[in-house]
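See below for the structure under consideration.
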Amino acid sequence: ICYFGTKEKIVISKQEVKKIKFTEGFAKIMKNKYFWINNVNTMVIVLRGGATTIVNWLWVYMLQNDAISAGLITLMGTASLIGMTASPFLCKFLGKKYTVILTNLPFLVASVAMIFSVSNFVLLFIIMYVMNSCAAVQMITAPAMGAEALDYQQWKTGDRLEGFSQNFGIITGIIAIGTNYIVPTILENLGLLQNYDVLFNPEIREPIFRALAYTSIAGAIACCIPFLFWDMTEKKHAQMIEDLKQRALEQDKEAGIEESADELEARLAGI
């Protein structure tokens with residue numbers, strides 16, 4: 001479905017061939033606040049996922065029943081289906097910004113609930129289901145908002161900087177490596193080293209679960225903050241695309257290439 005249903009959405013003139021120096025492209029993309037918002041979110045999202053670390057521990061160290069675990073693992077997998085299916089509809093009615101923020105709220109509530117549910121398998125399962133559903137929503141919104149950041153860059157400076165966006169991500173990824181050490185450090189300080197069998201002991205397991213819940217609370221809040229500064233509405237993005245289409249037509253006309261608005265739309269649709 002993805003292979004045959006995906007269309008190229010980049011709006012450029014027919015003769016567009018542009019080379020940008022690395023330093024120039026990097027300097028331009030560093031000024032793109034939408035890239036900063038997306039990448040700051042990437043730095044802290046690992047904290048939000050701290051509590052989801054326990055999902056496989058539920059079967060092994062709490063439930064301890066292979067037959068039931070097999071069914072529940074399959075059921076847990078449907079959480080991502082729900083989140084990813086709901087995402088386009090949420091984006092349509094709420095916009096991407098509020099979809100991201102509002103789906104972080106159930107994650108936050110679930111994290112708080114986890115603090116008081118560490119000894120109850122059923123409640124923990126429900127909590128993990130909610131968390132996985134919310135996380136799956138942003139598997140759809142993240143690349144879509146990344147694409148909008150690229151469209152904004154083209155609209156602002158006339159440059160397509162996909163390659164530079166990857167370089168930008170590498171740099172912020174170095175910082176993300178540091179945040180990735182936070183959860184393992186917490187686990188080590190609570191006595192979870194190489195011997196995970198200690199998780200069979202509720203007196204060790206439950207404080208670890210609570211600590212991860214607190215980590216997810218901090219992460220869910222941190223993930224919301226950058227998007228408070230995201231002002232790229234769906235209407236604003238649509239207007240930018242229309243501007244880019246008009247520019248592409250004018251550039252083709254200046255280059256002696258005749259292309260109507262209908263022909264441009266057909267080219268963008270892959271017809």
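No experiment lies behind these values; they were computed from the predicted model shown. All residue numbers in this chain count up from 1 along the given sequence.
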Heavy-atom closest contact ([X] atom, [Y] atom, distance):
X: A110; Y: I127; answer: O-CG2, 3.5 Å
X: V137; Y: G83; answer: CG2-O, 3.4 Å
X: L212; Y: I54; answer: CD1-CG2, 3.5 Å
X: C223; Y: I45; answer: SG-CA, 3.6 Å
X: W230; Y: K97; answer: O-CD, 3.0 Å
X: S119; Y: E206; answer: CB-OE2, 3.2 Å

Assess the side chains of S111 and Y214: does a donor N or O sit below 3.5 Å from an acceptor N or O?
no
Residues Y34 and D231: side-chain donor-acceptor under 3.5 angstrom
yes
Would you say the side chain of [Y] lies within less than 4.5 Å of the side chain of [X], judging by non-hydrogen atoms?
X: I101; Y: L228; result: yes
X: D151; Y: R160; result: yes
X: L72; Y: F121; result: yes
X: I186; Y: L190; result: yes
X: M240; Y: M232; result: yes
X: Q138; Y: T141; result: yes
X: I241; Y: L244; result: yes
X: F209; Y: L58; result: yes

Taking [X] for its side chain and [Y] for its backbone only, find out whether a donor-acceptor pair lies under 3.5 Å.
X: T78; Y: L75; value: yes
X: N189; Y: T185; value: yes
X: T99; Y: L94; value: no
X: T52; Y: G49; value: yes
X: S133; Y: S80; value: no
X: S117; Y: N120; value: no
X: W36; Y: M30; value: yes
X: T215; Y: G50; value: no
X: R247; Y: W155; value: yes
X: S216; Y: A213; value: no

List the steps, then state whether side chain to side chain contact (heavy atoms under 4.5 Å, CB included) holds for F116 with L123.
CA-CA 10 Å; F116 307 99; L123 290 179; over 6 Å; no
Given the ring of F200, does R205 sit roughly above its face, with NZ or CZ under 6.0 Å from the centre of the six-membered ring and within 45° of the axis?
no
Decide yes or no on side chain to side chain contact (heavy atoms under 4.5 Å, CB included) for F125 and W59, but give the supporting numbers first.
CA-CA 10 Å; F125 180 87; W59 333 121; 3.6 Å; yes
Can [Y] be reached from [X] by stepping across I, L, V, M, F, W or Y side chains whose heavy atoms are under 4.5 Å apart?
X: F107; Y: L105; result: no
X: L199; Y: L63; result: yes
X: I217; Y: L47; result: no
X: L108; Y: V130; result: no
X: I140; Y: L90; result: no

Derivation and outcome, side chain to side chain contact (heavy atoms under 4.5 Å, CB included), residues I37 and N41:
CA-CA 6 Å; I37 292 171; N41 178 66; 5.8 Å; no
Tell me, with the steps shown, if L193 and E188 meet side chain to side chain contact (heavy atoms under 4.5 Å, CB included).
CA-CA 5 Å; L193 301 173; E188 288 182 7; 3.9 Å; yes
Flag the pair E148 and K96 as a salt bridge only when some basic side-chain nitrogen lies within less than 4.0 angstrom of an acidic carboxylate oxygen.
yes
Name the orientation class of the two ring planes belonging to Y61 and W57 (parallel below 30°, tilted from 30 to 60°, perpendicular beyond 60°).
perpendicular
Rounded to the nearest 0.5 Å, what's the gap from CD1 on I82 to OG on S87? Could you check?
13.5 Å
Nearest 0.5 Å, please: how far is CZ in R48 from CD1 in I221?
12.5 Å
Do other residues, nucleotides or ligands put more than 12 heavy atoms under 6.0 Å from E203 CD?
no
Counting only heavy atoms not in K92 (residues, nucleotides, ligands), do more than 12 fall under 6.0 Å from its NZ?
no
